[in-house]
Structure formats: C-alpha cells, structure tokens
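Here is the structure we will look at.
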Protein chains: 2
Amino acid sequence: MTKTSQAAGLHRASLTKLHDLDAALELMYYGWRGMTLEADAYLAKQGLSRPHHRILYVVARRPDIAIGALLEVLGISKQALSRPLNLLLERKLVASKRAPEQHRSKLLRLTEAGRRIEQRASDHERKVLREAFDRAGASGAAAWMAVMEAIADHN
Amino acid sequence: MTKTSQAAGLHRASLTKLHDLDAALELMYYGWRGMTLEADAYLAKQGLSRPHHRILYVVARRPDIAIGALLEVLGISKQALSRPLNLLLERKLVASKRAPEQHRSKLLRLTEAGRRIEQRASDHERKVLREAFDRAGASGAAAWMAVMEAIADHN
DNA sequence: AATCTCAAGTCAATATAGTTGACATGAGAT
DNA sequence: ATCTCATGTCAACTATATTGACTTGAGATT
C-alpha cells in the first residue's frame, strides 16, 4: 500500500499504433489512471481505497440510503460490501440508523469526518477534470461530455 | 467469471450532483465500463481477462519485446506477470524465443491465434469508440482526445 | 577457471476485492 | 404462530496483485 514504486511506468508507453483508434483506446486507459492517481494516493494515506471511496461517494449523494439500495447502485454482493462498509462504520465516517417507520432497513449517512474525506478524495479527481476542461474551453468540455455519454450508454 | 449477474446495476445510477463536475466524474467511470464491457465478455468466453488482454495488446504493438521491457510498460511485478503470461504461452497465443545476440533476454511475439484474439477483443473496444465518435463528428472526437490527453498527462 | 552480474523464473506468504452458498436474526405483516 | 423481508455473518473459493528470498543460465570480468 506504500506505493513508493515507479508508479506503474505510466508515462503513456510509446506503442506502435495498429489502428487509428488505438490512440483513443489508450487515452481512455491513461485518462482513468490520470484522474484517480492523486485521489488514490490520498485515500491510501487514510488507510482507505477505491471501494471505500465509492461507498462514501454514493452515500454522500443519497443520504439515508438503505443497504439494499446501496448494493444495487454499487453492483456488488452484500458480502463484498460488508468489509469496507464495516470499516467506515468503525471509523465513524458513516453512521447508520434504523428507519423510523420502515424499521427493517438501516439508513446510512456520512458523518462530518466522512463528508470531509469524501470531499477531499473527490476534489482530487475533480481538480484533474477542471484543469483539462479549462484548457479545452466550454465547447471542448461539452464535446467531451457528449462523447463520454455515448460511450457510457452504448447499448 | 461467468458474469451472468445483473451486470453491476450500471444504468448510471441517478445520484444527486453535489458539484458541477460530478457528472463528468461519473461519466469517466461509466465510460470505462461502457468501453470494456463487451470486450471483457468476449475475453471471458475465451477464459481470459483484462490482464491477459493488456499483455496481448502490448506485445502486438511491440513485437520481440523482452520480458523486462514488458514489465515496465505494464507497470506490474514479474510475479504478477508470470501467471497470465504463462497461460498465454501454454495456449500458444504468445511465443517466446531467446534473443540471437543478447541471449539473456527472452523475446515475445504473438502467434496467429494470439493476434486474432487480441484483434477481436480490441475491436469490441474500438467499436464503442467509433460509434461515439461518429455521433460527435470529427471536431467532437478531436475535442475528446484533447481533453483526455490533458487528463492522462495531468501528473 | 573462478566469479560477478543480469534477465528471467519460481516459491512462499500476504493483501485486496470480489464471488456463491448457507444460515441466523429481528421486525412487520398475515 | 408463522411467513416474509432486510440485514448480517460464516465459510470456502477465485483472481489479481504485492514483497521477499532464492535459483538458474548465460555473458562479462578478473
């Protein structure tokens, strides 16, 4: 977890392009890495990682989400959720309470500390995007969004 | 590996946006998923997965690459490389030979079968990109590339 | 010839992120 | 009383990675 290593050689290795879309394909790969690199380093310093961040991100945007709904949004099994979520509960980054009327479900919310960590981690990612959008201008940013939507929603 | 599951609930969950860049941030996540979904399904049918594809992709574009150089490009440890690479060698998707002069290093190349699988897997990814670029037009595609480069090289 | 170095390979232990299956619990609904 | 439903937990497993320690085989150096 120390990650002092050569940070995955990722200076966009110079590979021969066999197809005209190879450059775009590689950009998707390195783009993901570029966006998450600093956030991951910050999270690692907190003893957390990507799955913890995903939980924090979703709970921040859906306060009082039930565990079942969280599982659906994240698309993982409840057993896979339990470890990272329990860590977040232990560290009091997430708080849970029973629903007042629907006493069967447990509702999740971020604590102040959880909100702070979520915000800082996501800020690292948004900073990278903001700088890229600033360079590209408003029209470039809009075009990027349109292309990404087409890719994301493809089928 | 069967992945018959509900494919990770990934219909871009409707989350409240706390920041104006949240939408972009989520698009990066779902974009990666959208691009790789079909390729991963194809690879799984072949009993392979992402790390195998990364190896095939790099070796296809750097014929006669040595193992040490491959490790650098991939940014992983040799122990992490050995399992997937050995599988590819066993299945004769990758062939290795000793360098003629520099007999210490082992040079890797794709076989015909390896080339075919690499091409098909990457084709799935390129298809998604091509459709998105077609919708966005040449200027949209260029803008996307420019933004992605800024994100990838951010550092 | 003996030794040093270097690329590659392998063994063991560990971490993380996920899976499925089986079962327990506690509360509401019938 | 029992059924259902949301949650929680135990166990066994898989895949992908890590570090450390060591071997092997070939070339280079002394």
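Below, read A as the first sequence line, B as the second, and so on, with proteins coming before strands; counting in each chain starts at 1. Side chains are part of it too, since the values below use all heavy atoms of this structure and drop only hydrogens, waters and symmetry mates.
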- Query: Rounded to whole angstrom units, what separation is found between the CG atom of B:L74 and the P atom of C:dA8?
  - Reply: 13 Å
- Task: Scan residues 136-155 of chain A for pairs that pass salt bridge (charged side-chain N to carboxylate O under 4.0 Å, His left out), counting only residues two or more places apart or in two chains.
- Result: A:D153-B:R12
- Task: Check each residue of residues 53-64 of chain B for a non-hydrogen atom within less than 4.0 Å of any atom in DNA chain D, then write out the ones that pass by number, or none.
- Result: B:R54
- Query: Within the structure, does a side-chain N or O atom of A:S77 lie under 4.0 Å from either OP1 or OP2 of C:dT19?
  - Reply: yes
- Sequence neighbours excluded, every pair satisfying side-chain hydrogen bond (donor to acceptor under 3.5 Å, both in side chains) that has a member inside residues 78-91 of chain A: none
Could you go over nucleotides 9-11 of chain C and give all protein N or O partners under 3.5 Å, atom names and distances?
residue : atom : partner : partner atom : Å
C:dG9   : OP1  : B:K106  : NZ           : 2.1
C:dG9   : N7   : B:K78   : NZ           : 3.4
C:dG9   : O6   : B:K78   : NZ           : 2.5

- Counterpart residues, side-chain contact (heavy atoms from CB on, under 4.5 Å), relative to B:A136 (two or more places apart): A:V147
- What is the distance, rounded to the nearest whole Å, between atom CG of A:L88 and atom P of C:dA17? 11 Å
- Calculate the interatomic distance between A:K97 atom NZ and D:dT7 atom P; express it in whole Å. 14 Å
- Message: Output the rounded distance in Å from CZ (B:R83) to P (D:dT14).
- Response: 11 Å
- Message: Expressed as a whole number of angstroms, how long is the span from A:L87:CG to C:dG18:P?
- Response: 14 Å
- Query: What's the CG-P distance between A:L81 and D:dA6, to the nearest Å?
  - Reply: 16 Å
- Message: Going by the rule ring pair (Phe, Tyr, Trp, His ring centres under 6.0 Å), which residues pair with A:H124 if we only count those two or more places apart in sequence or in a different chain?
- Response: A:Y42
- Under the side-chain hydrogen bond (donor to acceptor under 3.5 Å, both in side chains) rule, collect the residues that match up with A:K17, sequence neighbours excluded. A:E26
- Task: For the pair B:R33 (side chain) and B:Y29 (backbone), establish whether a donor and an acceptor sit closer than 3.5 Å, ignoring hydrogens and angles.
- Result: no
- Message: Please determine whether a side-chain nitrogen or oxygen atom of B:S49 lies at a distance below 4.0 Å from atom OP1 or OP2 of D:dT16.
- Response: yes
- Query: Considering residues at least two apart in sequence or located in another chain, which fulfil the side-chain hydrogen bond (donor to acceptor under 3.5 Å, both in side chains) criterion with A:R126?
  - Reply: A:D123, B:H19, B:D22
- Query: Residues two or more places apart in sequence or in another chain: which of them pass side-chain hydrogen bond (donor to acceptor under 3.5 Å, both in side chains) with A:D134?
  - Reply: none
- Query: Starting at CG of A:L108 and ending at C1' of D:dT7, how long is that distance when rounded to a whole Å?
  - Reply: 11 Å
